Student: 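Submitted below is the structure of interest, expressed as structure tokens.
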Amino acid sequence: MKRIGPSRGLSLETPLLLFSLAILGILIAPFSEMFFGLDWQHLQFAPNDPEAIRTSLLFSGSALLLCVLLGTPLAWWMARRRYRWSPVVDALILLPLLTPPLALGILLASFFGPYAAAGEFLSHWGLRLVNTAPAFIMAQVYAAMPYYVLSARAAFEGVPTDLEEISHTLGKSSWQTFWLVTLPMARNGLTAATALAWVRAMGEFGVVLIVAYYPMGIPVKIYQNLEDIGLSAVYPLLWVFFLVAIPLPLWIRLRSRRQQVPL
């Protein structure tokens with residue numbers, strides 16, 4: 001007698017596909033305005049737009065360098081050293097990330113402003129952290145650093161500790177083990193963390209608006225163009241932002257997916 005298998009029922013693949021495509025379409029629909037909602041023949045930069053582009057590229061690169069230099073040791077320490085008070089450290093890292101950007105900018109201006117104790121002390125050494133280049137970089141670091149640290153910590157946690165222990169048994173120091181074993185194996189995750197921090201630094205508006213309205217970068221200049229000229233003056237800088245900030249994380253994502261495909 002032929003055995004009849006259990007009923008499999010209707011497949012959910014087609015409904016889920018249609019549902020996913022609908023949600024994806026809703027998410028990307030506003031970006032169609034960048035192609036169909038502007039007058040390409042009269043598309044041009046507003047006054048001082050090129051200066052804003054240079055400001056964002058230069059200072060965002062500086063902020064990213066600081067995030068990597070300062071955040072990588074912190075991320076490694078968080079991934080490899082767990083204490084009873086480690087959840088407190090996690091909460092402190094999350095604090096700038098969870099704080100509304102405008103509120104974070106107000107806190108930074110209140111703490112580092114010229115009338116605050118810290119700001120007055122730094123002013124004696126020639127470092128003014130309001131409406132200056134260092135203030136611009138500081139605002140971007142506060143905005144991007146938590147994203148980098150959390151992503152970099154996940155990358156370090158993905159490195160097997162057994163390989164580090166083997167390196168130690170072969171006579172390598174902790175510093176040599178980090179450079180020869182840990183860092184290469186966490187490279188992809190660290191690259192993704194760097195790309196995320198780059199986008200966050202380039203696109204930060206709220207913190208920079210409060211702490212460093214001048215020198216004016218791309219996000220604040222987009223806001224000023226919208227206020228002074230109108231919507232048509234927003235698109236050129238928006239296109240520059242997407243062309244500069246987005247390709248790196250997209251390339252990293254595609255590269256990681258290729259590496260995951262079995263041969």
Side-chain angles (χ1 to χ4, degrees), residues 59-101 103-104 107-108 111-112 118 129 134 137-204 207 245-263:
F59 295 155
S60 297
S62 302
L64 180 63
L65 180 62
L66 288 175
C67 286
V68 173
L69 292 178
L70 302 177
T72 301
L74 175 59
W76 179 87
W77 176 78
M78 293 176 64
R80 288 291 184 262
R81 300 291 184 265
R82 304 300 296 177
Y83 302 98
R84 255 184 274 177
W85 38 270
S86 292
V88 177
V89 177
D90 296 342
L92 294 176
I93 292 295
L94 287 171
L95 191 59
L97 189 150
L98 299 176
T99 302
L104 181 58
L107 292 175
L108 290 177
F111 187 83
F112 292 108
L129 293 180
I137 295 172
M138 177 191 68
Q140 291 184 315
V141 169
Y142 269 90
M145 176 80 82
Y147 291 90
Y148 177 82
V149 171
L150 293 176
S151 299
R153 182 183 69 174
F156 286 131
E157 289 175 342
V159 177
T161 56
D162 295 344
L163 297 179
E164 295 176 335
E165 293 174 0
I166 292 174
S167 176
H168 290 146
T169 60
L170 294 176
K172 301 297 183 182
S173 65
S174 297
W175 185 249
Q176 290 173 321
T177 298
F178 176 80
W179 277 103
L180 298 176
V181 178
T182 308
L183 199 59
M185 296 197 68
R187 179 181 57 192
N188 290 339
L190 293 176
T191 304
T194 303
L196 179 60
W198 166 250
V199 175
R200 286 299 304 128
M202 278 285 296
E204 179 52 41
V207 182
I246 302 302
L248 180 59
L250 287 180
W251 176 78
I252 292 172
R253 177 61 178 169
L254 293 174
R255 184 169 175 266
S256 64
R257 287 185 65 86
R258 289 197 193 100
Q259 292 176 347
Q260 292 172 1
V261 175
L263 299 177

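Not measured: the values here are computed from a predicted model.
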Student: Could you report the tightest heavy-atom contact between A144 and A201, atom names first, then the distance?
Tutor: CB-N, 4.0 Å

Student: Would you name the heavy atoms of S86 and R81 that are closest together and state the gap between them?
Tutor: OG-O, 3.9 Å

Student: Considering non-hydrogen atoms only, spot the tightest contact between W77 and V89 and give its length.
Tutor: CZ3-CG1, 3.9 Å

Student: Under 3.5 Å, side chain of R200 to main-chain N/O of Y148, donor-acceptor pair present?
Tutor: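 The answer is no, because no donor-acceptor pair under 3.5 Å joins these two groups.
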
Student: What's the spacing between Q140 CD and M145 CE if we round to 0.5 Å?
Tutor: 12.5 Å

Student: Taking everything shown except F59 itself, do over 12 heavy atoms lie less than 6.0 Å from its CZ?
Tutor: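 Yes, because the 6.0 Å sphere around CZ of F59 holds more than 12 heavy atoms from other groups.
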
Student: Quick one: do E164 and T182 satisfy side-chain hydrogen bond (donor to acceptor under 3.5 Å, both in side chains)? Show the steps, please.
Tutor: CA-CA 7 Å; E164 295 176 335; T182 308; 2.5 Å; yes

Student: What is the distance from atom CG of L183 to atom CH2 of W76, rounded to the nearest 0.5 Å?
Tutor: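 Atom-to-atom, L183:CG and W76:CH2 are 12.0 Å apart.
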
Student: Show the numbers, then the answer: is there a side-chain contact (heavy atoms from CB on, under 4.5 Å) between I93 and M78?
Tutor: CA-CA 10 Å; I93 292 295; M78 293 176 64; 4.0 Å; yes

Student: Is the shortest side-chain heavy-atom distance between T161 and R80 below 4.5 Å?
Tutor: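 T161 reaches R80 side chain to side chain.
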
Student: Do you know which two heavy atoms are closest between T99 and L104, and how far apart they sit?
Tutor: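 Heavy-atom minimum between the residues: CG2-N, 3.8 Å.
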
Student: Taking atom OG1 of T194 and atom CZ of R187, what is their separation to the nearest 0.5 Å?
Tutor: 12.5 Å

Student: Nearest 0.5 Å, please: how far is CG in L92 from CG in L97?
Tutor: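 L97 atom CG to L92 atom CG measures 13.0 Å (nearest 0.5 Å).
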
Student: With rounding to the nearest 0.5 Å, note down the distance linking CG in L163 to CG in L180.
Tutor: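 Rounded to the nearest 0.5 Å, the CG-CG separation comes out at 12.5 Å.
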
Student: First locate atom CZ of R153, then atom CG of D90, and finally report the distance between them rounded to the nearest 0.5 Å.
Tutor: 4.5 Å

Student: For residues V141 and P146, report the shortest heavy-atom separation together with the two atoms involved.
Tutor: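 Heavy-atom minimum between the residues: O-CD, 4.3 Å.
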
Student: Report, as yes or no, whether the 6.0 Å neighbourhood of atom CH2 on W179 holds more than 12 heavy atoms from other residues, nucleotides or ligands.
Tutor: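 Atom CH2 in W179 is not crowded, with 12 or fewer foreign heavy atoms closer than 6.0 Å.
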
Student: Return the minimal non-hydrogen interatomic distance between G61 and W198, and the atom names on each side.
Tutor: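 Looking at all heavy atoms of both residues, the shortest contact is N-CZ3, 3.7 Å.
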
